[in-house]
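Here the structure comes first, spelled out in structure tokens, and everything after it is commentary.
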Amino acid sequence: MNDRLAISERREGVVPIVAVEGEIDIAVAPELRRHLEDLLDEGNSSIVVDLTGVSFLDSTALGVLISILKRCQASEGDLCLVAKDPQVLRVFEITGLTDVFSIVGSAAKAVELVSP
Amino acid sequence: VTENTECRRWSKEEAIRLSFPVQSDLMVLARITGATIAAAAGFGVDTVEDFRLAVEELCLLVQRHQEGTLHLAFLPSDEEIEVRCSLSPTEALGTESPEASDDMAYQFSQQILDSISDTWGEGGDGSESYMWFRMGAAQTVDEA
């Protein structure tokens, strides 16, 4: 557990929803990676990551999310992101990742997108 | 935030410097310092956010897989802020190969700087090499 990052998890049906709060930078990105990789190792192929509580993310966070997306897709699943903060969305837009990730405004919509 | 809305003006000689060990949990120092300087220079809220992201990405590009001490210099002028970042290395970081996501992150850092800074690059003065970016308050369009 890190003081600057809070990760919580719940399920909507079979889909795990990982809610992240705080700033995701090089210091805490490995913790997020471990959490998401554990979910994949448990057999989950689709994950929703809720970033609505995130106020900042950097390139290391993007690297983690991309690697998790690839693992999801390799298992014929998907990684869907929930984000509303303009600054957070801007980072995805700048890097062209809005074309790579499914990014929606609510967890319910995200679950709908990734549910089998 | 104070009621004094007049932008501070600095000369080039008034560089603000920050040095800290390459340690992931200290990167926040660079962001906080960058945001404070950008706000003091009169940058708007969104541009301050962009500036602190640019500072972070500059540091990430410079420190990549190395240990040592990062040196940041902020050089505000009337029109823009120039930021330089260099590293005094101690040794290569471990023996592990970089993960693929690290390479992606490196590319993302470059894309982010391409997009939100006015210009950025590498420089040197003979005794040290550094990476830098410049960003102006003119990008600010967010204030109502």
Side-chain angles (χ1 to χ4, degrees), chain A residues 1-6 21-37 40 47 49 51 54-74 79 81 83-101 103, chain B residues 20-32 34-35 38 43-67 70 93-94 96 98-117 120 135 139 141-142:
Chain A
M1 183 66 186
N2 190 298
D3 288 344
R4 292 194 284 122
L5 184 77
E21 290 181 40
E23 299 193 340
I24 313 177
D25 65 3
I26 190 171
V28 299
E31 184 181 338
L32 177 61
R33 176 197 297 279
R34 277 193 298 276
H35 195 100
L36 296 174
E37 285 183 341
L40 291 166
I47 301 173
V49 176
L51 300 172
V54 171
S55 55
F56 175 88
L57 57 79
D58 68 10
S59 56
T60 56
L62 297 179
V64 168
L65 293 172
I66 282 284
S67 67
I68 297 299
L69 173 67
K70 286 182 174 176
R71 281 196 59 184
C72 287
Q73 290 174 336
L79 172 67
L81 306 178
K84 294 178 189 170
D85 186 300
Q87 283 295 333
V88 170
L89 290 169
R90 179 161 157 72
V91 178
F92 287 95
E93 287 161 6
I94 284 169
T95 49
L97 293 177
T98 46
D99 296 331
V100 176
F101 288 105
I103 305 176
Chain B
F20 58 94
V22 172
Q23 203 173 301
S24 61
D25 60 345
L26 295 181
M27 198 63 77
V28 66
L29 295 175
R31 295 204 300 272
I32 291 171
F43 284 24
V45 175
D46 287 348
T47 313
V48 168
E49 286 301 305
D50 280 353
F51 190 83
R52 75 171 180 143
L53 176 61
V55 170
E56 169 103 355
E57 300 302 339
L58 188 74
C59 291
L60 291 173
L61 284 173
V62 171
Q63 68 141 72
R64 194 170 185 237
H65 309 307
Q66 296 181 86
E67 286 184 346
L70 273 179
L93 190 63
E96 294 178 20
E99 293 191 45
S101 63
D102 290 341
D103 290 332
M104 284 186 286
Y106 189 75
Q107 291 172 18
F108 292 144
S109 292
Q110 294 176 320
Q111 282 180 275
I112 289 168
L113 282 174
D114 277 343
S115 179
I116 64 180
S117 71
W120 69 279
M135 200 164 150
Q139 293 182 352
V141 292
D142 48 289

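Residue numbering restarts at 1 for every chain, and letters A, B, ... go by the order of the sequence lines.
B:E57 and A:S59 are linked by a side-chain donor-acceptor pair at a separation below 3.5 angstrom, with hydrogens and angles left out of the test.
Taking CG of A:L62 as the start and CD of B:Q111 as the end, the distance is 9.0 Å to the nearest 0.5 Å. To the nearest 0.5 Å, atom CZ of residue B:R52 and atom CZ of residue A:F56 are 5.5 Å apart.
Only the side chain of B:L60 comes within contact range of chain A, with heavy atoms under 4.5 Å apart. Neither the backbone nor the side chain of A:L65 comes within less than 4.5 Å of any heavy atom of chain B.
The most heavy-atom pairs under 4.5 Å with chain A, out of B:Q107, B:M27, B:Q23, B:R31, come from B:R31.
Heavy-atom minimum distance, B:I112 versus A:I94: CA-CG2, 3.7 Å. Across all non-hydrogen atoms, the minimal contact from A:D25 to B:E56 is CB-OE2, 3.4 Å.
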Checking side-chain contact (heavy atoms from CB on, under 4.5 Å) for the pair A:R90/B:E49: CA distance, chi angles, key distance, verdict? CA-CA 11 Å; A:R90 179 161 157 72; B:E49 286 301 305; over 6 Å; no

